[in-house]
Each structure stands twice: as C-alpha cells, then as structure tokens.
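Have a look at the structure below, then the notes.
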Amino acid sequence: MGKLVAQTEIKSDGDVFHEIFRHRPHHIKNMSPGNIQGCDIHEGEWGTVGSVIFWNYTHDGKEKVAKEIIEAIDEEKKSVTFKVIEGDLTKLYKTFIITVHVDTKGQNNLVTWTLEFEKLNEGVEDPNTLMDFCLAVTKDIEAHHLK
Ligand SMILES: CC[C@@H](C)C[C@@H](CC)C(C)C
C-alpha cells in the first residue's frame, strides 16, 4: 500500500473544518469552486459511516468524478475517511483511501491529509498532484472562513 501524508496549518476554526468534511462536504463547492463543482449524497445521510458521496471535481485541468463511501468517522480525533469506489481514480488505483484529520491545539489547527493507495500497475505515478489538490481545497476553505 502506497501512502502520502501532508500537513498544513489553518488559521480558521478546526472544529468547523472537520464539521464541513463530516456533515456538509456539499458546501465545499461554494468555497473552492475551481476545484469542486459538485457533491451529492447517493446513499445514506450526510455525516454517517456507510453513506455514499458523489464528487464532481477538476484535477490536473480535467473534469473528473469520484464516488466515495464514508468508511470511518472519529469525532474525538476529528477525522473522516473516504474510500473511493468509482470514478477516474479507480482507472489508476485498485484502492484509494483519503483521510482528513484536524488537530486543534489552541489557536493552531493542523490539517493532515493521508492518501493510501494501491496502484493498478507499476506505471501509475504516486498521487502527488491529488495531494496538492487536497491542500488547495484546504486553503480555500480556510480563506472562506477568514473573510
Ligand atoms: C477524490 C478527490 C476529491 C473529490 C476528494 C475530496 C475529499 C474526499 C476533496 C474535497 C479533497
């Protein structure tokens, strides 16, 4: 299993950041319209394990889709784990799991993105640009809350 981890500090509220990814990821398109164009719930309720979310996003200049199941939610640790089950990423990766975690330490809020993946073949590159995408979305969410 390949793994990429990246961290970035946000000045906006960490609890709000977690709440967005857990309960209202469909609001992200309003905060990061260049990256996220759509987010719909296909199965279950927002913010619950087992719910299925469908994303329309633009990555590496191309419009893409991702269907993800919420695999885990840890309210204590403020983390949400999304497992990709359909869409562009499944053309390159057998498994693709995205975890977003927020550490709130006083004024500082540290966001950690973890991408775990199994490539379909050796020629597939590591998802570095997707990690950049996740960090860019993070910054847009922060900026939205600092206005
Ligand atoms: C599969 C790429 C995007 C749609 C993942 C989203 C978080 C699971 C995005 C908002 C970073």
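Predicted model, so just to flag it, every value in this text is computed and none were measured. We number each residue from 1, following the sequence as shown. Order of listing sets the numbers, starting from 1, for every ligand and every atom in it.
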query: Would F21 and W113 count as a close aromatic pair, with their ring centres under 6.0 Å?
result: yes
Exercise for the section: Answer whether the closest heavy-atom distance between the side chains of K91 and L120 falls below 4.5 Å. Expected result: no
Atom 9 (C) of ligand 1 sits nearest the protein heavy atom F133 CE2, 3.9 Å
Does at least one non-hydrogen atom of T138 fall below 4.0 angstrom from an atom of ligand 1? no
Nearest heavy atom to atom 4 (C) of ligand 1, choosing from F54, W113, F82, W55, belongs to W55
CD1 of I69 to CD1 of I53, rounded to nearest 0.5 Å, is 10.0 Å
One finds that the ligand 1 atoms under 4.0 Å from a non-hydrogen atom of C134 are 11 (C)
message: What I want to find out is whether D103 reaches K78 closely enough, with some N-O distance under 4.0 Å, to be called a salt bridge.
response: no
Here the gap from K67 atom NZ to F82 atom CZ, rounded to the nearest 0.5 Å, amounts to 15.5 Å
Note: ligand 1 atoms sitting under 4.0 Å from heavy atoms of I36 are 10 (C)
One finds that the ligand 1 atoms under 4.0 Å from a non-hydrogen atom of L89 are 1 (C)
* **Residue pair T138, F17: steps toward the side-chain contact (heavy atoms from CB on, under 4.5 Å) verdict** => CA-CA 9 Å; T138 302; F17 187 88; 3.8 Å; yes
So the atoms of ligand 1 within less than 4.0 Å of a heavy atom of E68 turn out to be 1 (C), 5 (C), 8 (C)
